[in-house]
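Since the structure comes first, as structure tokens, the remarks are kept for the end.
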Amino acid sequence: MWDAMPELPEVEVTRLGFADRIQGARIRSARVGKPLRWALGCDPALLAGRRVLSVGRRGKYLLVALDAGLLLVHLGMSGRLRFDRDLPAPGAHDHFDLDTDHGTLRLHDPRRFGAVVFAESADDPVARKLLGRLGVEPLDDSFDAAGFFLALRRRKSPVKQVLLAGDVVVGVGNIYASEALFAAGIRPTTPAAQLSRPRADRLHTAVRTVLARAVATGGSTLRDFRGADGAHGLFQQEAMVYGREGLPCRICGTPIRMLRQGQRSTFYCPHCQKA
DNA sequence: AAAAGCCCCTGGATGC
DNA sequence: TGCATCCAGGGGCTTT
């Protein structure tokens, strides 16, 4: 099976699992373990004494707003956040601890593709670099069908890769890209610009539906994804195509196929997704 | 501007 | 049983 692969729903479920509890907390200290994708960008000692105002999200980044500055947290592909009182001593894969008077926020990330980055503000060059070219939030009203269609029309790449790129719409990772295209009945290899308005509309709806449903059911769990409160996600059992190569399509029984697109695996049903 | 490829990392699966 | 090898993937970066 696979490790947890945090996409937007997993990040959002994580956020919901600790945002309320950490709000208003006073930071006592911060501990940095092995290097993550990027350096923290400040002396951890400088975080002591600051207060956590709120926890937001932009794409797959969690934004921990402090009374001075903010922390950008990315889970990469194997990252998990916990927030609890009296956590055990950090293990080999616990690479960041934020100790507060409400509990400790801990990043556990075996593959270290994740990151915790400090920025002075949202206008900080570091924040701009990481958040600057992100596409629209799929669950916001700003993700509208007309705009989506126009954005797709400018892209000749296969629609799967456009979804994954994150500059049109954020948060759709490898799992939900396949799932959304299946839900829309669109073949992943179809050039984005070739989609008619009605088909783009179907994809727009599918992206929202698949992601919203995944959030509602607690996030995907292709191995053992858990929210920051330790609850298991339940979406796993509902994958229609992802990871099901050779297995019968749940709708028509045709064997699911896998192909490679930009070094990523894509799954689809050749019958339900004809074009 | 858009597209394509590279690379970071390590646990798990596979092959000999 | 132990090794070596391959693979997964988010996404910023570089090159075309």
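The side chain of Phe113(A) sits closest to dC9(B) out of dC9(B), dG11(C), dA8(C). You'll find that the side chain of His74(A) is closest to dG11(C), out of dG9(C), dG11(B), dG11(C). Here the nucleotide nearest the side chain of Arg155(A), chosen from dC13(C), dA8(C), dA3(B), is dA3(B). Relative to the side chain of Lys156(A), the nucleotides dG12(C), dG9(C), dA3(B) differ in distance, and dA3(B) lies closest.
Arg264(A) comes within 4.0 angstrom of a nucleotide base, judged by non-hydrogen atoms across all strands.
Taking atom CE on Met77(A) and atom P on dG11(B), their separation rounds to 12 Å, with Å as the unit. Between the C1' atom of dC8(B) and the CG atom of Asp109(A) lies a distance of 12 Å, rounded to the nearest Å. Regarding Arg153(A), its CZ atom lies at a distance of 17 Å from the C1' atom of dA2(B), rounded to whole Å. Rounded to a whole Å, the CZ atom of Arg111(A) is 15 Å from the C1' atom of dC7(B). Taking atom CZ of Arg80(A) as the reference point, atom P of dG9(C) lies 18 Å away to the nearest angstrom. dG11(C) atom P lies 15 Å from atom CD of Gln161(A), rounded to whole Å. Distance CZ (Arg37(A)) to P (dG9(C)): 16 Å, rounded to an integer number of Å. Rounded to whole Å, atom P of dG11(C) lies 12 Å from atom CZ of Arg58(A).
Ring geometry for His204(A) versus Phe148(A): interplanar angle of 30 to 60°, hence tilted. Ring geometry for Phe83(A) against Phe18(A) counts as tilted: the plane angle lies between 30° and 60°, on a 0 to 90° scale.
Contact annotation: Ser265(A) reaches the phosphate of dG9(C) (side-chain N/O to OP1 or OP2, under 4.0 Å). For dA8(C), the OP1/OP2 oxygens have no side-chain nitrogen or oxygen of Tyr242(A) closer than 4.0 Å. A close approach under 4.0 Å does not occur between any side-chain nitrogen or oxygen of Tyr176(A) and OP1 or OP2 of dG9(C).
Contact of Arg154(A) with dA2(B) (side chain to base): no donor-acceptor pair of N or O atoms is detected under 3.5 Å.
Cluster membership for Tyr176(A) and Leu139(A), using ILVMFWY side-chain heavy atoms within less than 4.5 angstrom, is shared. In the hydrophobic clustering of this structure, Val126(A) does not group with Leu66(A); members are Ile, Leu, Val, Met, Phe, Trp, Tyr whose side-chain heavy atoms approach within less than 4.5 Å, directly or through other members.
Mapping Gly76(A) and Lys129(A) onto DNA chain C via the closest heavy atom, the residue that lands nearer the 5' end is Gly76(A). Mapping His93(A) and Ser157(A) onto DNA chain B via the closest heavy atom, the residue that lands nearer the 5' end is Ser157(A). Map Gln263(A) and Val162(A) each onto its nearest nucleotide of DNA chain B; the residue landing nearer the 5' end is Val162(A).
Of the possible donor and acceptor atoms, one in the side chain of Arg250(A) sits under 3.5 Å from a partner among the backbone N and O of Ala239(A).
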